[in-house]
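Input: a single structure, listed below in structure tokens.
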Amino acid sequence: MDHLLAGPDPGALLGAIGIMLGAQLLASAAGALQGYFLGKAGQCLVRDLRSALFERLGQQSLAWHHSRRAGDLTTRVISDVDAMESSVLRDLSDLLEEALTFVIVAGIVIALQPVVGLATLLPLLLSFLVIHVFRVRVARLYDAVRARLGDLGAFVQERLGAVQLTQSFAREEAESLRFASLSQDYCERSLRVLGLRSLFFPGVGFLGFLSNAFMLGLGTWFIWKGEFTIGGLIAYRGYWWRLQSPIHTLARAADTIMRARASAVRVFGVLRDPIRIADPAHPAEWKERAGAVEFREVEFGYEPDQPVLRGLSFQIAPGEFVAIAGTSGAGKSTLLGLIPRFHDVGAGSVRVDGRDVREYGLHALRGGVAMVLQEAALFNESILDNIRYARPDASPEAVEQAARRANAHGFISLLPRGYDTVIGERGVKLSGGQRQRISVARAFLANPTILLLDEPTSSVEPESEDLIHAALLELTRERTTLLVTHRITLLQRARRILFLEAGRVAAEGSHEDLLERSPAYSAAYARWRFEETVRR
């Protein structure tokens, strides 16, 4: 620099400019390549992390899901993973690059003039302390912000799923006020972060300016004393920008990484949660699928001190059709969920074909069991895909045959697009009876060894009930069936009824036997018959 300032030298000047342009061209090309490959790596990270998160959610037990909110989990899969991608690769890469630059340039400025160099670095070193304090304080604030965002997601998903209920009770304004309150809480917590950031970044900028002032003041002083040169000071000015840039990068990275950390805590909290119901170390194969079911002194409760099943024992022979009845809270639906291991027993055992269900692999066990629930679980896809969910490789002909056996083909054929009709989220475009017939068709297609029916006609319109009853009786032929119901017609068809009270089998036998021998069953039967009369 001093050589160029000493006198005209066009060759040296052009050479210096050429070096600058070449270096900038190489830097721009390297920056473009770095941006592309880092962006690609970031998108791959999002893809893999999101896939791992979704897979983990699918592996968790029903009890785990019941203790969490679907909207909050959705926010973790979508928003939190995005927040991680936006900072982790970009800012960590910038930090490594800028840290190396800072060390090299700091060595150069100290070598050029030790006193000026050290004085220039002192305010910048104070910036590291400010950044550390900011990082500690903002981490707690970002944790609260991400938690409130999860609350918002959970509220929106839950209320959208119950929009008919909201409108039927004219609660739109009240729900809007509740959402506004949650949104205000999120806004206030975000503003706390904004307030801290508004102090932090100008503070770091001021320390950088202070460094510049020290450099110019001391540099000029040493020039006056003849111990420094104007060219050296100009060079210092250029180097100062390379010292200031890492500080700004570190400040920005401290903010974005703490924001990403809050999201990462939520994401990896799900990934680290142990899977309570998993395959055994050496799963047994379910080769001879007869369908015998046995409960041996089964104890179970959703909470440790609140048992639902108490010493429950019974046996069901292969191919037997058994109805399960009882008062509300007796444990009827609970015992069905123990067979495919949606829950594990607290004591005793549930056995299928002579083996404890915990000895089977989950895929093998659940592959031999089908369920038809009180509320049909359907997706916003075509009727064909909803039925074929039980067997994705099934042909359209096999799907149609299953629909015919479920008494569903008639209404499906009347739809404008037939089996290609998209039925809306949870099947909202169909009636309750139509949805349930699709669910029964799906069970026909699965062709299970064990069939579990949980109040399959309790939520359907009366004109569909007889059609569903006929389809269910067809479905139960030659397969082990456990039916939870209080429908008189279905109870009368069952060869055996298990009547539950307080988590135990209080009485068992045919419908006629129980009417004669069990006062509790007789009283319940009278109540069920009255309810059916009123309903019709």
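In this structure the side chain of Pro283 never reaches within 4.5 angstrom of the side chain of Glu359, judged on heavy atoms. Side-chain contact between Thr74 and Ile78: present, with at least one pair of heavy atoms (C-beta onward) separated by less than 4.5 Å. Between Val267 and Leu53, the closest side-chain pair of non-hydrogen atoms falls below 4.5 Å. Considering only heavy atoms from C-beta on, Leu152 comes within 4.5 Å of Phe179 through its side chain.
For Phe342, the CZ atom is densely surrounded, since the number of other residues' heavy atoms within 6.0 Å is greater than 12. For Glu425, the CD atom sits in a loose shell: 12 or fewer heavy atoms of surrounding residues, nucleotides or ligands are nearer than 6.0 Å. Heavy-atom contacts from other residues, nucleotides or ligands closer than 6.0 Å to CD of Glu173 number 12 or fewer. Within 6.0 Å of atom CZ in Arg289, more than 12 heavy atoms from other residues, nucleotides or ligands are found, so the atom counts as buried in its surroundings.
Using a 4.0 Å cut-off between a side-chain N of Lys or Arg and a carboxylate O of Asp or Glu, Glu501 and Arg504 do not qualify as a salt bridge. Using a 4.0 Å cut-off between charged nitrogen and carboxylate oxygen, Glu299 and Arg310 do not count as a salt-bridge pair. Under 4.0 Å is where a charged nitrogen must lie from a carboxylate oxygen, and between Glu158 and Arg69 no such pair does. One finds a salt bridge joining Arg68 and Asp273 here, because a Lys/Arg side-chain nitrogen approaches an Asp/Glu carboxylate oxygen to under 4.0 Å. The residues Asp143 and Arg261 are annotated as salt-bridged, a charged nitrogen and a carboxylate oxygen being separated by less than 4.0 angstrom.
Judged purely by atom type and a 3.5 angstrom limit, Gln436 uses its side chain to pair as donor or acceptor with the backbone of Pro456. At distances below 3.5 Å, not a single donor-acceptor pair connects side-chain atoms of Ser333 with backbone N or O atoms of Gly331. Side chain of Thr75 to main chain of Gly71: a donor-acceptor pair is present (N/O by atom type, distance under 3.5 Å, no hydrogens or angles). No side-chain donor-acceptor contact under 3.5 Å links Arg355 to the backbone of Arg351. Of the possible polar contacts, one joining the Asp353 side chain to the Ala292 backbone as a donor-acceptor pair under 3.5 Å is found.
Two rings, from His66 and Tyr302, have their centers 6.0 Å or more apart. Aromatic ring centres of His511 and Tyr525: separated by under 6.0 Å.
Between the side chains of Asp513 and Ser510, at least one donor N or O sits under 3.5 Å from an acceptor N or O. Checking Arg146 against Ser263 by side-chain atom types alone, a donor-acceptor pair falls below 3.5 Å. Side chains of Arg426 and Asn380: a donor-acceptor N/O pair is absent below 3.5 angstrom, by distance only. A donor and an acceptor atom, one from each side chain of His486 and Glu455, are located under 3.5 Å apart. Inspection of the Asp420 and Ser382 side chains reveals no N or O donor paired with an N or O acceptor under 3.5 Å.
Arg140 meets the side chain to side chain donor-acceptor pair (under 3.5 Å) test with no other residue; sequence neighbours excluded. Applying the ring pair (Phe, Tyr, Trp, His ring centres under 6.0 Å) rule to Phe411 yields no partners; only residues at least two apart in sequence or on another chain are considered.
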Quiz item: Stepwise, does the side-chain contact (heavy atoms from CB on, under 4.5 Å) test hold for Tyr142 with Asp255?
Solution: CA-CA 10 Å; Tyr142 274 133; Asp255 177 53; 2.7 Å; yes
Quiz item: Taking it one step at a time, do Gln184 and Glu188 satisfy side chain to side chain donor-acceptor pair (under 3.5 Å)?
Solution: CA-CA 6 Å; Gln184 178 64 25; Glu188 289 174 358; 3.1 Å; yes
Exercise. Would you check, one step at a time, whether the test side chain to side chain donor-acceptor pair (under 3.5 Å) holds for Tyr360 with Asp279?
Key: CA-CA 7 Å; Tyr360 292 116; Asp279 287 337; over 6 Å; no
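The side chain to side chain contact (heavy atoms under 4.5 Å, CB included) with Val350 is formed by just one residue from the set Leu312, Asp344, Val345, Leu335; it is Val345. Just one of Leu453, Ile324, Leu498 meets the side chain to side chain contact (heavy atoms under 4.5 Å, CB included) condition when paired with Leu482; it is Ile324.
Ring geometry for His343 against Phe300 counts as tilted: the plane angle lies between 30° and 60°, on a 0 to 90° scale.
A pairwise comparison of heavy atoms in Ile339 and Leu452 identifies CD1-CD2, 3.8 Å as the closest pair. Taking both residues in full, the closest heavy atoms of Arg366 and Ile277 are given as NH2-CG2, 4.2 Å, listed atom of the first, atom of the second, then distance.
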